[in-house]
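Below: one structure, written as structure tokens.
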Amino acid sequence: MNFSIECEEEVDGRWIAEVPQLPGVLCYGKTADDAMAKAEVLALRALAERLEQSGSRPVAISSKKFYL
């Protein structure tokens, strides 16, 4: 399973990062790296919750980071 983390700077100077493949995985940070790290943590938590709820088999995960 491959996920991408997209990151861009907001008008007010904050950075926003999201994982488009996982609805609701969207985080703000003071820097691009901060926002992307938070988004990655949230994505892993969301995937863990899915596994716990559905009983699905785990799959390999990789991520790519993009600056917009």
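We use all heavy atoms of the structure for the numbers below, so side chains are in, but hydrogens, waters and symmetry mates are not.
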Salt bridge (charged side-chain N to carboxylate O under 4.0 Å, His left out) filter on R45, not counting sequence neighbours, yields none

Do you know the tightest heavy-atom contact between [X] and [Y]?
X   : Y   : value
G29 : A35 : N-CB, 3.7 Å
L22 : A43 : CD1-CB, 3.7 Å
L42 : L26 : CD2-N, 4.0 Å

Nearest 0.5 Å, please: how far is [atom2] in [Y] from [atom1] in [X]?
X   : Y   : atom1 : atom2 : answer
W15 : M36 : CH2   : CE    : 8.0 Å
E18 : I16 : CD    : CD1   : 6.5 Å
T31 : E9  : OG1   : CD    : 10.5 Å

Would a 4.5 Å heavy-atom cut-off, applied to side chains only, mark V41 and L44 as touching? no

Note, K38 side chain near V25 side chain (heavy atom, < 4.5 Å):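 Of all side-chain heavy-atom pairs linking V25 with K38, none is under 4.5 Å.
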
side-chain contact (heavy atoms from CB on, under 4.5 Å) evaluation trace for E40 with F3: CA-CA 10 Å; E40 189 169 4; F3 297 101; over 6 Å; no

